[in-house]
Structures are given as structure tokens and as C-alpha cells.
Protein chains: 2
Amino acid sequence: MRATIQDVARRAGVSIGTVSNALSGKRPVAVETRQRILAAMDELGYHPNLLARGLVNQRSHVLSIVIKELSDLGLYGYSSALTGIQREANELGYSIMLHFVNGSTEDEIINTLNQISARRADGIIWAIHEIDGNREWVRHTLTGNYPPIIFLHMHPDPALNVVTIDNQAGASLAVAHLIEQGCRTIGIITGPADWWESKARLAGWRQTLEQAGLDTDVSLVLEGNWLAESGKNCMETLLNQRPDIDAVFACNDSMALGAIHTACRRGLSIPDDLLLVGYDNTPEVASYWPPLTSVSQGLLQSGQIAVEQLHQIIEAGVNQPVAPRQHIIQPELVIRRSSICEKKA
Amino acid sequence: MRATIQDVARRAGVSIGTVSNALSGKRPVAVETRQRILAAMDELGYHPNLLARGLVNQRSHVLSIVIKELSDLGLYGYSSALTGIQREANELGYSIMLHFVNGSTEDEIINTLNQISARRADGIIWAIHEIDGNREWVRHTLTGNYPPIIFLHMHPDPALNVVTIDNQAGASLAVAHLIEQGCRTIGIITGPADWWESKARLAGWRQTLEQAGLDTDVSLVLEGNWLAESGKNCMETLLNQRPDIDAVFACNDSMALGAIHTACRRGLSIPDDLLLVGYDNTPEVASYWPPLTSVSQGLLQSGQIAVEQLHQIIEAGVNQPVAPRQHIIQPELVIRRSSICEKKA
DNA sequence: TTGTATGCGTTATCAA
DNA sequence: TTGATAACGCATACAA
């Protein structure tokens, strides 16, 4: 069996309370006594039982991260945000529990929330991407008796704590850059239409083009599913129905990869015949051929901020409620050869 | 405050023990009483405190997954394995706790193990890739008083429980295929030399070539770091020092992407001038240009098996020790255009 | 400065 | 079939 505080106390010839004080430091302990206790802990290989400690302290020092589905983890966004979360959580002394949700059915959501609650997590980072109808289940998180929740990468909402990225601005950055390169007819390959990110990026594309008085016809808009394969297909269709395009904005890098594939297959050269911009700025895009211009989101940062903010709320406690805050991160454009018009240069 | 079993008992007008029996079903409860209890639980929104339950049961139903570093999560291997783990864990009623280790210093390893132990996880999946000297710290996991451990993706060891993939066989598959396509001079871009995977894949390359009586000179071996950027550079060097090569085996898909980049830059056509095979078979390789032949590892499966096996050991309990088992998964080759020699066809 | 006793929310062992 | 009561391992208020 593993050593308990009892064992340590006996071994050191002191009372159980003194041992507790020795390692918490909340009450003074004679220096000589502490020595003996420390030695005893060492010899016994003692480590406090965090379940017991959590029980009495009403504080588990666990943060629950909820992400959507499993294979989605491969999506660059999740890994990056998780990395940021991990770093900050580690800094602040939290452990991380990972929860997965497949669909977004109400039952599943509630089950997950209940499980988190049952485990007495101190806080939740809700990183499920928002899709149509989700506003519905978000309400559940408010009515039940749950720990504080931060919504990651969602549409801002004054009633909620959200840390998110300005997707519309990111798309604008990309499109404005293409316009500046002299492009006039710019197609877009979006993510799934029901994702919030997709809508925001599409809106950025549309708004920027409209401001410049350029074409935003539906024939320029193709809906992909974030995967490279869909980028291939969308590009195919796009080139067929709009042979006049001179640039494409792919809403993530994988789909941009697919777009490159199709361009190659049809003997089109990027950037000579067509400019291309992606989204995410994954480490790989610099090795695409040609190197891909892309929008960097600051996902690492978003994860970190989410934990920071959650921590503040937790520390404040239930009696000292913190007003909901929106934290919106501005993305940046990283320019590479795929979007540099040679003719212009 | 959240409702406790006490509250439910009071509300239903029964004793606390009866409530416990009602939801565990371990002792019979009058059907009418159970109704009342269920109703009370519902009204109060009661969910058992899993910390308390874990404390008394000596069983947390938590599995700790240890992975190396943070940004590494982007590496396809981790996400896939984690997905497999998640699925099976969910099936068997475990929650997942994620632990990150940056370096592999002894201190860090021990700290992590102690934290896991302190949280009373039921089992550990050690998914830190094995690099030089790791055999050293692995011993720590054996001496201390820790929950059962499964080593994921490590060199098999009869004294340990390991679930892993036959990397040497995977590399052989790739190289044999290239030889069959008529290649005679086959270069390799490896991962970091101190990773077990790198060594195994290199060994597979060497052995297969030697069996065929082909060149395995060191000038054919370039060391990358798994990232696409390194693939670019290695390919550059390789082409310079061995202009006679007719194929390259890149030890993961990202580096293969970099290799394609360099080939393009130098005006070389794949597969016309040079055949190429990658490793991992990520979803994206079908959208590379050309589509990349790659080795599929069955990572999802490995994660799942690891959980299964861990579960068995946990269920068996300390008194009924299960003999260590090695589970070795065989990879498969997925052939695409990058490795199909047109001349031969 | 240290020891004792009580409670955190469960489960399990007794009696009733 | 049900109700008290003792653990589980720790923290803390109170007494010494």
C-alpha cells in the first residue's frame, strides 16, 4: 500500500496534524520536527492523496478541456490550443482532463458536463467549435450547477466568458493582400457552412471584396470540409465554373494543399496563373510548393489566455463573481511566394 | 452548493446507505423506495462526487496519458494514438488525464510519475517516445509504487508491457516496394538519430537493401527532425552528394513533403526522375502532388489496444499480477503515384 | 509549537 | 429491505 499521512506521522513520532502543517506551511512547525517529518516522508515515498485533499478542500486543481470528436484532434487548431492550455495550466498548478464529444446532441453535452461536475473539476474550457444550433446547448452550461466555463473559439457573447480569434479580420487580411497584388476575381473555399469559423471567414472575404467593388458571386464560393481532399474537389469545380479567377482563398492550409494539387494536375502554375492564400499557418506550409501565404491565428496564445482567465475566476470564488469577459485575438498574415504576383513585381 | 447523498436521503426520507444501494444496485432496494430516491436525485440534480467515491473505492477510473512535449501533439502520431485511447477509454468508463513532459530529465519524469500517483490514476499509458538513455528512466517506473504502466510505441522489452508498431517491417515494406519498381540507389531521410523509431526504420532500410545487394553507403543517409523544413534541406544535400539516386524513402510524410518541395525547386519530377515514399499515411498525402505512397501504422489501433490491456491489468488487481505482454502491430504500405515507375509500367 | 477531534462525500459492514 | 456507523486520507479549528 501507499504511505498515508498517518504512516508518516507514526514514523516521525508526531501527530498527523503536524505533518499536514509541515508540508502546507500554513502553521509553524519546529525546524527540527520538520526535518524528521521530511525524512519520514522521503523514506516512505509519501505523496499526498489528491483525491482526499480535493475532497476536503473542495478544490481539485483539475481543469477539464472539452473538445469535439476524436480524429479532429489532428486538426491543427486543437493541438495548438491544447499546447497553450497545457503550458499555462502547468504553470498554475492544474492538471488537465480531456473530454471528447462526438456529436453535439443535447444528451451528450449534458452527460459530459455531468461527468466533469462529478469529478469536481475546478473549471472548464469548452473548445467545441460552434456550429448551428449550438447556442441552444450552450444555455445548458449556464443553468446547471457547473464550475466556471470559458468558451474557446466561439462567437463572442457578452453573457459568456469567451476567448476567441477574429476570423473575419483574418480573412480580410488575406483578401486585402490578394487585391493589393492586383487580383480582381477571388474565389473562396470555405469550411463546413455550419461552423462559426467558416461563416466569419466567408464574411471577411465578402466584405473586403465588396468594399473594393469586386465580384462576390456565389459561383466564387465553394464549401469544403477542412480536409485536403475537399480542397482538391472544390478547386476543380471552382476552376470549371469560374475559369476567370485569378486568386483563391482557402479557409485552411489543408484545403489549400488540395487546391495546389488540382492546380498542378491541370497544369496551372501558382503564383503565375493564380494566387493562393491559406489559413492556419501550420509549420508545413513553408514547405509546400510553392510556399503558401497563410493567416496565423495565435492559437497557442488563445489557449494560454483561456487558462489564465479561468484561473482568475476560480480564485475569485463563487461569492466574488467576475464579470464575463470577451477576449478577441487578432490574427496575422504571413506572406510567402504563393501570393506574390510576379508580373507586378 | 451541489447536492450530496445526504441531501438526497433527506429529500427521499430514507437513510444514506439506501440511496447508495439504490444507485449502485449492489443491495436490493424496494421498488417503491427506489422510485422516490430517483425522483429526489433528479429534483436535486444530484451527481455522485467521484473524488469521494475514488477515495473509498481506491479506484479513480482515471487513466493518465503521458506524452512528450507540447507542440509535438501536432505530430500525427500522438493525435491518432490519443484518438484510439479515447475511444476505448470511453468504452470502458475511464476518464483521461493528460500529462506533458518536456525533456526527459530524470527529475521531470519522476515529478510526473509522482503527480500521477498522487492523483491516484488507475493506470498509465506512457507514450513518450523512446530516445537514447531512456532505458535509464524507464527503470524508475518499475521501482516506485506506481499504478500499472503500458509503454506505447517503444522498443519491445519482455519485462514491460508494451504496445508498439514494427517500424523495421514498415521501412522494409517501403524499400522492397521501391526495389520492385526497379530502383537501385535508394536514399533515406531519417528522423532524429536518437529516436527508437528512427533507428528501426533505418535498420529496415539497410537490411532490405543489403538483402538485395544494393548500396547502403552513409552518403545515402540524411538525418532530419520529422519537420518538413528538415525534409527540404536533407533532400537538397542528398541530391548534391548522390546525384545518382533514383528513389528516396522519407521517414515521415512531413519530411516527404519537404523532399517534394526541393525536387520541384530543382526541376525534378516525381515519379519520372525519382520515386518517393513517406511514412505515416496521414490523410493529406493523397493530396500531395504527386500523391504520396506511404506506410500506414495503425496508430489508432495501438492506442485502443493499450487501453484494453491496461484495463485487464487493473481489473486483475495487484494480487493477481498479469505477466507482461508485448503487442506488436504490423504496418501496411499504401501505394500511390509517387512511387510508381512509369517506365516500368 | 503540537495533539485531538471533526468533517469532506462515499461505500461497506453490521444490526435491526 | 433498511438504518446506523466506521473507514478512505486529508485539512483545520480548537485545545493543550
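Residue numbering restarts at 1 for every chain, and letters A, B, ... go by the order of the sequence lines.
- Distance, A:Leu51 CG to D:dC10 P: 10 Å, rounded to whole Å.
- Rounded to 10°, the angle separating the first-five-pair axis and the last-five-pair axis of the helix from C:dT1-D:dA16 to C:dA16-D:dT1 equals 50°.
- Here C:dT13 presents its C1' atom at 9 Å from CZ of B:Arg27, a figure rounded to the nearest Å.
- Taking atom CZ of residue B:Arg59 and atom C1' of nucleotide D:dA7, one finds them 20 Å apart after rounding to whole Å.
- Look at CZ on B:Arg120: it is 20 Å from P on C:dT10, rounded to the nearest Å.
- Using bins of under 30°, 30° to 60° and over 60° for the plane-to-plane angle, the ring pair A:Tyr94/A:His311 lands in the perpendicular bin.
- Comparing atom distances between the B:Asn57 side chain and each of D:dC10, D:dG3, C:dA12 picks out C:dA12 as nearest.
- Using a 4.0 Å cut-off, no side-chain N or O of B:Lys26 falls inside it from OP1 or OP2 of C:dT11.
- Rounded to whole Å, the distance from CZ on B:Arg2 to C1' on C:dT10 is 15 Å.
- Salt-bridge check for A:Arg36 with A:Glu32: passed, with a basic side-chain N closer than 4.0 Å to an acidic carboxylate O.
- Heavy atoms of B:Thr33 sit under 4.0 angstrom from primed sugar atoms or phosphate atoms, though from no base atom.
- In this model, the phosphate group of D:dA11 is not approached by any side-chain N or O of A:Gln58 to a distance below 4.0 Å at OP1 or OP2.
- Of the candidates D:dC10, C:dT10, D:dT2, the closest approach to any side-chain atom of B:Val29 belongs to D:dT2.
- A donor-acceptor pair shorter than 3.5 Å can be found between the side chains of B:Glu197 and B:His129.
- Regarding contacts with the backbone of C:dT11, a side-chain N or O of B:Ser20 is found under 4.0 angstrom from either OP1 or OP2.
- Rounded to whole Å, the distance from CD1 on A:Ile16 to P on C:dC8 is 17 Å.
- With no hydrogens or angles considered, no side-chain donor-acceptor pair links B:Arg119 and B:Ser64 at under 3.5 Å.
- Heavy-atom nearest nucleotides on DNA chain D were determined for B:Gly17 and for B:Leu55, and the one closer to the 5' end corresponds to B:Gly17.
- Summarising the local packing, NE2 of A:His61 is surrounded by more than 12 heavy atoms from other residues, nucleotides or ligands at distances under 6.0 Å.
- Nucleic acid contact class of B:Thr4 (heavy atoms, under 4.0 Å, all strands): sugar-phosphate only.
- Look at CG on B:Asn21: it is 10 Å from C1' on D:dT1, rounded to the nearest Å.
- Heavy atoms of other residues, nucleotides or ligands lying less than 6.0 angstrom from CD of B:Glu91 number 12 at most.
- Taking a 6.0 Å sphere around CZ of A:Arg27, one finds it holds 12 or fewer heavy atoms contributed by other residues, nucleotides or ligands.
- Distance from the side chain of A:Leu23 is smallest to D:dA11 among C:dT11, C:dG3, D:dA11.
- The side chain of A:Ser15 contributes no N or O atom lying less than 4.0 Å from OP1 or OP2 of C:dT2.
- Residue A:Arg10 contributes atom CZ, which lies 11 Å from atom P of D:dG9 at whole-angstrom precision.
- Residues B:Tyr78 and B:His153 place their aromatic rings such that the two centres sit no closer than 6.0 Å.
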